[in-house]
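One structure is given here, and the rest of the page talks about it.
Starting from 1, each residue takes its place in the sequence as its number.
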Amino acid sequence: MNATDRIRFELDGRDIDAAPGESILQAAQRAGADIPHLCYTDGLRADGNCRACVVEIDGERVLAPSCCRAPKPGMKVKAASERARASQRMVLELLHADVPAEVEKADSELAHWCEALGVVEPRFAPRANPVPERSHPGIAVDLAACIQCTRCLRACREVQVNDVIGLARRGADTSIVFDFDVPMGDSSCVGCGECVQACPTGALQPAALLEATAAPASSYRPTRQVDSLCPYCGV
Ligand code: FES
């Protein structure tokens, strides 16, 4: 980074430099600082929808999502203050409350951030759990674990340019859908696995991983074979 280009700002009392175009979160990551984040991941555009990455910015009343906020020279940012941490924890706890234990991957990003911030036992009841869907031969869908971060959608649309996954309905009923809300196995998904890679909770997983705990046989419908080079699902 060119010295004249860098944007120097303060993060939790430490001076760090951001490159032009970088967000607070990206600069923090490069400097080795941990700010929880779920809907943001390297290689996908920031969407700012999960709010796990909120930080305090001096002079601003409202917490800001660090994944889609550009730092300014001299800005003072607090990611580890009591207020910022309390908000980050609350977001993680609410998201975690919905994820059934049998679906959540122990090594998921959600599990990682919950552990890192000491979110152990959610105090909230889960919402009604959608039925697991096993229509796709290579990818298991558990929308109960979906936090609508849209990483799968962006990976499908922006990385693979397939555009199979979208968001449907509104408010608390919002969910990801495949094509025009058909079972994933009946959609135009080619089983590339990009969405599985992007998912931070385990809502989309390689079906092979879940074989032992698969849904009842009646709902397992490997209806057709699709072309894929995916190294994970082996279709
Ligand atoms: Fe910033 Fe989700 S990671 S809002």
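When atom types are taken as modelled, the side chain of Glu115 and the backbone of His112 share no donor-acceptor pair closer than 3.5 angstrom. Between the side chain of Trp113 and the main chain of His37, a donor-acceptor pair closer than 3.5 Å is present. A side-chain donor-acceptor contact under 3.5 Å links Gln88 to the backbone of Ala79.
By the side-chain hydrogen bond (donor to acceptor under 3.5 Å, both in side chains) test, Glu60 is found to be paired with Arg69, residues two or more places apart in sequence or in another chain being considered. Scored by the side-chain hydrogen bond (donor to acceptor under 3.5 Å, both in side chains) test, Ser108 finds no partners at all (sequence neighbours excluded). Residues meeting the side-chain hydrogen bond (donor to acceptor under 3.5 Å, both in side chains) test with Arg169, sequence neighbours left out: Ser175, Asp181. Partners of Arg8 by salt bridge (Lys or Arg N to Asp or Glu O under 4.0 Å), not counting sequence neighbours, listed by chain and number: Asp17. Listed by chain and residue number, Ser188 satisfy the side-chain hydrogen bond (donor to acceptor under 3.5 Å, both in side chains) test with Asp179 (two or more places apart in sequence, or in another chain).
Note: Leu92 CG to Cys114 SG = 5.0 Å, rounded to the nearest 0.5 Å. The structure places CG of Asp107 at 11.5 Å from CG of Leu110, a figure rounded to the nearest 0.5 Å. Going from atom SG of Cys189 over to atom CD1 of Ile165 covers 7.0 Å, rounded to the nearest 0.5 Å.
Using a 4.5 Å heavy-atom threshold, the side chains of Val91 and Val54 count as separate. Counting only heavy atoms from C-beta outward, the side chains of Arg134 and Asp142 approach each other to under 4.5 Å. Residues Leu143 and Glu133 form no side-chain contact, since every pair of their non-hydrogen atoms from C-beta on lies 4.5 Å or further apart. Counting heavy atoms from C-beta on, the side chains of Ile139 and Cys195 come closer than 4.5 Å.
The existence of a salt bridge linking Glu22 and Arg30 is confirmed by a sub-4.0 Å separation between a basic side-chain nitrogen and an acidic carboxylate oxygen. By the 4.0 Å N-to-carboxylate-O rule, Lys76 lies too far from Asp12 to be salt-bridged with it.
The salt bridge (charged side-chain N to carboxylate O under 4.0 Å, His left out) contacts involving residues 145-156 comprise Glu109-Arg151, where partners must be two or more places apart or lie in separate chains.
Between Pro71 and Ser23, the shortest heavy-atom contact is CD-C, 3.9 Å. Minimum interatomic distance between Gly21 and Gln26 (heavy atoms only, all atoms of both residues): O-OE1, 4.0 Å.
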